[in-house]
Amino acid sequence: MQKKLAVLALILGAMLCACNGQENTDPAQQALAFRQDVMLNTCSFEAEISADFGDTMCLFTLSCIHTPGNGTQMTITAPETLAGLTARASGEGAKLVFDGVEAAFGTLEGLGLSPMTAPELLTEAWETGYIQYTGLEDGLLHVTYLCGYDEDEYRADTWFQNGAPVRAELSCDGQMAVQIDVTDFNLRKAETNNESTQTNMG
């Protein structure tokens with residue numbers, strides 16, 4: 001009888017371990033956990049952006065800091081001719097900053113998928129976009145977000161490795177418009193007792 005109880009305990013233990021493992025690796029749960037992290041923390045990352053306009057290809061790199069509810073601040077780091085220029089984007093609009101002077105370059109609505117607003121559109125998708133799909137592809141978590149309505153609707157596909165975004169694509173009307181390679185992704189937690197903690201997810 002004791003042997004049977006011991007065997008039963010082992011089986012139950014194995015089943016519980018299996019269930020816990022499935023919970024931790026479930027793509028949908030991973031996507032929701034990442035959303036919660038982004039909504040509660042400031043995130044920073046490097047974004048290498050490429051946008052195909054048919055006859056021209058736009059390539060540049062941005063250093064980004066996104067604060068929930070306050071939009072995204074970006075500094076161009078490449079190409080060298082534009083390095084140092086900063087921009088701010090939020091749901092209310094986008095501004096380019098040069099020598100301390102701000103110049104508005106439109107609202108996010110109706111801009112389509114402007115490369116300069118891509119980081120804000122991407123982080124907005126992470127925070128509030130409808131999660132249409134989650135799955136594993138070549139060892140990476142793939143999440144598809146749908147955002148906006150009617151003519152402002154866009155799709156943001158993001159691939160994650162070890163809980164951090166590494167690549168994203170923004171599409172409109174079924175056509176990919178902007179590709180973003182994400183590096184050095186970090187979450188900066190709120191300051192507590194004059195101390196701040198930082199989590200590196202890259």
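Counting from 1, the numbers follow the sequence of the chain as shown. The shown structure was predicted, so the numbers you read here are calculated from the model rather than taken from an experiment.
Put simply, the side chain of Glu120 gets close to the backbone of Thr72: a donor and an acceptor are under 3.5 Å apart. Of the possible donor and acceptor atoms, one in the side chain of Arg35 sits under 3.5 Å from a partner among the backbone N and O of Ala125. Although no hydrogens or angles enter the test, the distance criterion places a donor-acceptor pair under 3.5 Å between the side chain of His66 and the main chain of Gly71.
Under a hydrophobic clustering in which Ile, Leu, Val, Met, Phe, Trp and Tyr are joined whenever their side-chain heavy atoms come within less than 4.5 Å, directly or via other members, Leu82 and Leu62 fall into the same cluster. Linking Ile, Leu, Val, Met, Phe, Trp and Tyr whenever their side-chain heavy atoms come within less than 4.5 Å leaves Phe34 and Tyr133 in two separate clusters. Following chains of ILVMFWY side-chain contacts shorter than 4.5 Å, one cannot reach Val166 starting from Leu122, and the two form parts of different hydrophobic clusters.
Here the closest non-hydrogen pair linking Ala156 and Leu170 is CB-CD2, 3.5 Å. Residue Val178 comes nearest to Ala51 through the heavy atom pair CG2-CB, 4.2 Å, listed as atom of the first residue, atom of the second, then distance. When all heavy atoms of Glu127 and Pro68 are compared, the closest pair comes out as OE2-CA, 3.7 Å. Closest heavy-atom contact between Pro79 and Phe60: CD-CB, 3.6 Å. The minimum heavy-atom distance linking Thr77 with Ala83 is given by the pair O-CB, 3.9 Å.
Classification of Arg155 and Asp157 as a salt-bridged pair holds, one side-chain N sitting under 4.0 Å from a carboxylate O.
In this structure, Ile76 and Thr61 have side chains that are not in contact, with every pair of non-hydrogen atoms separated by 4.5 Å or more. Using a 4.5 Å heavy-atom threshold, the side chains of Leu141 and Trp159 count as separate. Under the 4.5 Å side-chain criterion, counting only non-hydrogen atoms from C-beta, Glu124 is in contact with Thr128.
A ring-centre distance under 6.0 Å is not found for Phe160 and Phe185.
With rounding to the nearest 0.5 Å, the separation of CD1 in Ile49 from SG in Cys58 is 8.0 Å. Note: Asp184 CG to Phe45 CZ = 11.5 Å, rounded to the nearest 0.5 Å. For the atom pair Asn186 CG and Ser44 OG, the distance stands at 4.5 Å (nearest 0.5 Å). Considering CG of Asp37 and CG of Leu32, their distance stands at 11.0 Å, rounded to 0.5 Å. A distance of 11.0 Å separates CD in Gln161 from CG in Asp138, rounded to the nearest 0.5 Å. The line from CH2 of Trp126 to OH of Tyr145 is 8.0 Å long, rounded to the nearest 0.5 Å.
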- For side chain to side chain donor-acceptor pair (under 3.5 Å), just list the numbers for Glu46 and Ser63, CA-CA rounded to whole Å, side-chain angles, deciding distance to a tenth of an Å, and then say yes or no. CA-CA 5 Å; Glu46 299 293 312; Ser63 179; 3.0 Å; yes
- Evaluate the side-chain contact (heavy atoms from CB on, under 4.5 Å) criterion for residues Thr134 and Gln29: first the C-alpha distance (whole Å), next the side-chain angles of each, then the deciding distance (0.1 Å), finally the verdict. CA-CA 9 Å; Thr134 60; Gln29 290 299 321; over 6 Å; no
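Exactly one residue among Leu140, Val143, Val182, Ile180 makes a side-chain contact (heavy atoms from CB on, under 4.5 Å) with Pro165. That residue is Val182.
With sequence neighbours excluded, the residues forming a salt bridge (charged side-chain N to carboxylate O under 4.0 Å, His left out) with Arg167 are Glu169, listed by chain and number. When the side chain to side chain donor-acceptor pair (under 3.5 Å) test is applied to Glu153, no partner is found at least two apart in sequence or on another chain.
Glu80 CD: 12 or fewer foreign heavy atoms inside a 6.0 Å radius. Summarising the local packing, CG of Asp173 is surrounded by 12 or fewer heavy atoms from other residues, nucleotides or ligands at distances under 6.0 Å.
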